Q: 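One structure coming up, written as structure tokens, with questions to follow.
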Amino acid sequence: MELVCPAGNLPSLKAAVDNGADAVYVGFQDDTNARHFSGLNFTGRTFEKAVHYAQDRGRKIFVAVNTFPRPEGFSRWQAAVDQAADYGVDALIVADMGVMDYACGRWPDLRLHVSVQASVTTAEGIRFYHENFGVRRVVLPRVLSIGQVAHVVRESPIPVEVFGFGSLCVMVEGRCLLSSYATGRSPNTYGACSPASHVRWEETGDGTDTRLNGVLIDHFGEGEKAGYPTLCKGRFRVGEHVFYALEEPTSLNTLSILPRLREIGVSAIKVEGRQRSPAYVAQVTAVMRAAIDHCLQDPASYRPRDQWMRALGSVSEGTQTTLGAYHRPWQ
Amino acid sequence: MRLSIGPIQYFWERPRVFEFYDQLAHSPAEIVYLGEAVCSKRRLIKPEDWLAIGRELRQSGKEVLLSSLTLLEAASEVGSLRKLCGNDEFMVEANDVAAIQMLSAAGKEFVTGPGINLYNLRSLRLLARKGLRRWVLPVELGLDTLRDLQSMRPERVETEVFALGRLPLAYSARCYTARSHNLPKDDCQFKCLDYPDGRMLETRDGQEFLVLNGIQTQSAQTHSVLGQLPELEALGVDVLRISPQSQGSPRIIEIFDEARNGAGPEVLQQELISLLPAGACNGYLLQRAGMDHDDSQAA
């Protein structure tokens, strides 16, 4: 099982490589990738350094070009594909079928992975991308139970990558418009969800309101730690009750099911978080490396260690973690 | 422009479904999409029922299509999809790429629904080669993008716009209607039956914001393009889709029929708003936040 870690800048990339990532994934500094945040991502010179840093140490570097271009911007996505290919990256992570069509025609030797943003949940869907674009890996959305993942892996014509740790999308990726509905900025077209540009923190008489483009996402009382207003992780009223109607602030953590993921034949484990700090990348990479090594060497005696769980818990949203959709009762 | 009726997004009791389609037979809508596109646990209407409803509507002169499930998870859902795509009577609206794969492999023409991300010409042309007959503009795209796509769209491919309905915004493994009753999805007790237009989610300061519809999340406001019909017509849009709601759909269809035939929009607009459960929005079409509503262009 390959460990695939995120990097939003060069220090994070080094942290991932130095702590044992087999592959690091990055994006360019524009809307061609799904973590289009200011101050994040790579341009020409740092990108070149990143490629060398990873590859000189025998690690792979993947580039996410995983948003959906509209006609007027298509050339920007082509340029992103060309730049990644020119620098000899190990794979492109792509969501849009038009971009895949371009990439496989222009760069037939370039390895393509289907991004989680392509929203592919079945072997039939995987075959569409495999037959039409020769893709060589697929990243599954975080909506399948572990049994369903096993079934897809069994039927899939290509290796399967799944998410192992990080912030949890509770909606199927690539088909969630909540952020664009509230702010006009969409993960699909702009590469950001619940963007900071639309966030307002307001002190009220009895605490803090967090708003997204004016919409009240949550209210925190005195002494309650106010969290970032990610739209799907706010508290809302449904009927008589105010609660986390969609999901609580929580992160995905699969340490407890690593042996099962290995057993069913998952090829790679992905860590979410290109927007996070180098310290986060270092800590999560080190824990996941240790856990995967342990799991591969001796799956029968593998147990997640308390110190790993504590380390991951401390960098999780709301400092709590979940198995998400892998675990049926979560659904 | 022709009018289509999208698949019922909600879980309705059997009699309500049959009554809805009985009324539709006499409506000015030309196209009807049938089937369950949201949740595979909703099985009050069986596949053979849908085929029977389809045959009757076809007898009344309607073009009938079958809509496929949007989010596929279980192997059994893929099996049902295979049967749906294998039917020889009606064209299928693909809402997931698995359906596109099955239909194109069988050499069948198809329509793509709102669940398929077609954002650019290269994607459109690719699917046109695979048998795409008509596509629904992704709901978050606006008039500017539509204009670019229409100017160079492939020949023989028709364009449909989601014209009226609560917007399908997201799909999840989790059932939010069940969750709102503190139930897991596997024991949902079919709570969706209690909410024929979905269950309202409000912000803590009382703004009607979203609607929970099982594993689907919708906009609370109803997306309406009634004010933009002249622009859509000028851009060569072929079909306007109206999404069913539990009350008022027959009149809503007539309103769009009158508007496409040139009736003044101001009075129609007022009447339309009165038929919507929580008001209107049209921000997406105007390249803004989807929840925005600008009626200045209604006249």
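Just so you know, these numbers come straight off a predicted model, no measurement behind them. Labels below follow one simple rule: chain letters A, B, ... track the order of the sequence lines, proteins then strands, and each chain is numbered from 1.
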Q: So A/V215 and B/D205, do their side chains get closer than 4.5 Å, heavy atoms only?
A: no
Q: Would you say A/T121's side chain and B/L72's backbone share a donor-acceptor pair under 3.5 angstrom?
A: yes
Q: Can any side-chain N or O of B/R122 pair as donor or acceptor with the backbone N or O of A/F74 at less than 3.5 Å?
A: no
Q: Do B/E73 and A/R142 sit within salt-bridge range, that is, some charged N less than 4.0 Å from a carboxylate O?
A: no
Q: Which bit of A/T122 is near chain B, if near means a heavy-atom gap under 4.5 Å: side chain, backbone, both or neither?
A: side chain
Q: Checking A/F243 against chain B: side chain, backbone, both or neither under 4.5 Å from a heavy atom?
A: side chain
Q: For the side chain of B/D96 and the backbone of A/G125, is there at least one donor-acceptor N/O pair under 3.5 Å apart?
A: no
Q: Can you tell me which portion of A/R211 sits under 4.5 Å from chain B's heavy atoms? Options are side chain, backbone, both or neither.
A: side chain
Q: Using a cut-off of under 4.5 Å for heavy-atom pairs, which of B/Q287, B/M200, B/R288, B/R179 has the most such pairs with chain A?
A: B/R179
Q: Rounded to the nearest 0.5 Å, what separates atom CG in B/L201 from atom CZ in A/F236?
A: 6.0 Å
Q: So does A/L246 get a backbone contact from the side chain of B/R174, meaning a donor-acceptor N/O pair under 3.5 Å?
A: yes
Q: Answer whether the closest heavy-atom distance between the side chains of A/V238 and B/Y176 falls below 4.5 Å.
A: no
Q: Do A/W330 and B/P184 touch side chain to side chain, with heavy atoms closer than 4.5 Å?
A: no
Q: Pick from B/M152, B/K130, B/R125: which one has the most heavy-atom pairs with chain A under 4.5 Å?
A: B/K130
Q: If I measure from the heavy atoms of chain B, does A/E173 come under 4.5 Å with its side chain, its backbone, both, or neither?
A: neither
Q: Might you confirm whether atom CG of A/D206 has over 12 heavy atoms from other residues, nucleotides or ligands at distances under 6.0 Å?
A: yes
Q: Against chain B, label A/L231 side chain, backbone, both or neither, depending on which of its atoms sit under 4.5 Å from a heavy atom there.
A: side chain
Q: Sub-3.5 Å donor-acceptor pair from the side chain of B/S172 to the main-chain atoms of A/V170, do we have one?
A: yes
Q: How close do A/R237 and B/T203 get, heavy atom to heavy atom, and via which atoms?
A: CB-O, 4.5 Å
Q: Checking B/Y284 side chain against A/Y181 main chain: does a donor-acceptor pair fall under 3.5 Å?
A: yes
Q: B/Q101 and side chain to side chain donor-acceptor pair (under 3.5 Å): which partner among A/E131, A/E124, A/H130, A/R127?
A: A/E131
Q: Give a yes or no answer on whether the side chain of B/N120 reaches the backbone of A/P69 with a donor-acceptor pair at less than 3.5 Å.
A: yes
Q: State plainly whether the residues B/D148 and A/R70 are in salt-bridge range, i.e. N to O under 4.0 Å.
A: no
Q: Of all of B/L121, B/L71, B/L118, which one pairs up most often with chain A through heavy atoms under 4.5 Å apart?
A: B/L71
Q: Mind checking the CG-OH spacing from A/D96 to B/Y119? Nearest 0.5 Å is all I need.
A: 9.5 Å
Q: Give, for atom CG of B/L167 and atom CG of A/L177, the distance between the pair rounded to the nearest 0.5 Å.
A: 8.0 Å
Q: Please step through side chain to side chain contact (heavy atoms under 4.5 Å, CB included) for the pair B/V97 and A/V114, ending with a clear verdict.
A: CA-CA 13 Å; B/V97 73; A/V114 181; over 6 Å; no
Q: Heavy-atom distances under 4.5 Å only: say whether B/L81 touches chain A with side chain, backbone, both or neither.
A: neither
Q: Under a 4.5 Å heavy-atom cut-off, does chain A meet the side chain of B/C281, its backbone, both or neither?
A: side chain
Q: What's the spacing between B/I100 CD1 and A/M97 CE if we round to 0.5 Å?
A: 5.0 Å
Q: Of the backbone (N, CA, C, O) and the side chain (C-beta and beyond), which part of A/F133 lies under 4.5 Å from a heavy atom of chain B, both, or neither?
A: side chain
Q: Might you point out which heavy atoms bring A/S180 and B/E140 nearest each other, and give the distance in Å?
A: OG-OE1, 3.0 Å
